[in-house]
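Everything below concerns the one structure shown next.
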Amino acid sequence: VDEDPSDPQLMRLDNMLLAEGVSGPEKGGGAAAVAAATAAVGVGADNAIEHSDYRAKLSQIRQIYHTELEKYEQACNEFTTHVMNLLREQSRTRPISPKEIERMVNIIHRKFSSIQMQLKQSTCEAVMILRSRFLDARRKRRNFSKQATEILNEYFYSHLSNPYPSEEAKEELAKKCAITVSQVSNWFGNKRIRYKKNIGKFQEEANLYAAKTAVTATQAVAAAVQNSQTNSPATPSSGTHTMNETTGASCHKGYISTTMMF
DNA sequence: CGAGATGATTCCTG
DNA sequence: CAGGAATCATCTCG
């Protein structure tokens with residue numbers, strides 16, 4: 001019967017924490033803000049822009065977290081002093097041992113730290129979601145620029161017999177297309193597999209680029225080609241260096257042999 | 001909106 | 001580990 005005064009006190013504390021501290025406007029607001037920061041992954045233009053966007057959102061989450069943490073800290077302290085005052089008041093009507101006070105304080109702190117853990121966890125979750133949204137490149141896939149595709153296709157179709165660019169070639173292409181080397185690798189991987197899966201579908205494209213390289217080759221060796229064009233077909237006897245020009249010149253006349261690979 | 005195109009990822013093999 | 005194959009997730013276009 002004597003212990004009852006303390007238990008209602010505890011109950012009230014629990015209720016207050018549960019009602020106001022945790023599920024009150026504070027956490028709700030925080031969670032909503034975090035969710036907003038996470039969800040607002042709109043259309044990013046550039047890689048750099050997206051990255052800074054990502055960092056901004058990250059720091060936003062971090063700031064929300066710290067704000068909330070501070071709030072809880074403050075609320076915890078306030079509540080502790082409040083309870084202490086109540087206990088002190090009660091100590092006039094009944095003896096209150098230091099042990100009991102300590103127990104109360106411990107309970108309060110435990111409660112608050114569990115809330116903080118919850119906050120921490122939800123913050124971590126938000127960060128993970130943010131990370132996965134930004135890091136999973138499939139989610140933000142952008143087609144390469146027309147120009148880049150042009151360059152890649154040009155290389156592909158002018159090396160149809162061996163469409164495997166060396167590491168240096170890949171770097172070169174990457175530089176020209178303003179993409180990464182692994183993107184170049186991806187592109188060639190995709191292109192090879194898709195080309196050979198349906199060569200017919202790519203015939204038009206192949207001719208187009210063959211003609212295109214022929215034009216550039218013609219420009220490069222204008223005089224020579226002009227003279228030999230009417231005469232004999234270019235002799236494909238030379239090595240890889242002049243292959244560009246020879247294939248280009250011969251392709252100019254008709255179909256490029258797409259069956260030579262695979 | 002839906003089908004095809006396309007860049008990226010995953011899994012597997014030599 | 002580079003490349004092939006299958007698959008995913010998004011983009012583009014009618």
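Below, chains carry the letters A, B, ... as their sequence lines are ordered, and counting in each starts from 1.
- Side-chain N/O atoms of A:N186 include one lying less than 4.0 angstrom from OP1 or OP2 on B:dA8.
- Distances shown here put a side-chain N or O of A:K196 below 4.0 Å from the OP1 or OP2 atom of C:dA5.
- Less than 6.0 angstrom separates the ring centroid of A:Y155 from the ring centroid of A:F188.
- For C:dA6, one of the phosphate oxygens OP1 or OP2 lies less than 4.0 angstrom from a side-chain nitrogen or oxygen of A:K197.
- The environment of A:Q147 atom CD is sparse: at most 12 non-hydrogen atoms of other residues, nucleotides or ligands sit within 6.0 angstrom.
- Salt bridge status for A:E100 with A:R94: present, with a side-chain N to carboxylate O gap under 4.0 Å.
- Between B:dG7 and A:Q183, no contact under 4.0 Å exists linking OP1 or OP2 to a side-chain N or O.
- Under 4.0 Å is where a charged nitrogen must lie from a carboxylate oxygen, and between A:E68 and A:K71 at least one such pair does.
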Strictly under 3.5 Å: I want the nitrogen or oxygen pairs between protein and nucleotides 4-6 of chain B, one per line.
{"from": "B:dT6", "atom 1": "O2", "to": "A:R141", "atom 2": "NE", "distance (Å)": "3.1"}
{"from": "B:dT6", "atom 1": "O2", "to": "A:R141", "atom 2": "NH1", "distance (Å)": "3.3"}
{"from": "B:dT6", "atom 1": "O2", "to": "A:R141", "atom 2": "NH2", "distance (Å)": "2.8"}

So what does the secondary structure string of DNA chain B come out as, 5' to 3', with Watson-Crick or wobble pairs under 3.5 angstrom, [ ] for crossing and | for pairs with another strand?
||||||||||||||
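- Distance CG (A:N190) to C1' (C:dT7): 11 Å, rounded to an integer number of Å.
- For A:R142, no side-chain nitrogen or oxygen approaches OP1 or OP2 of C:dT10 to under 4.0 Å.
- Contact check for A:Q63 versus A:H66: no side-chain heavy atoms found under the 4.5 Å cut-off.
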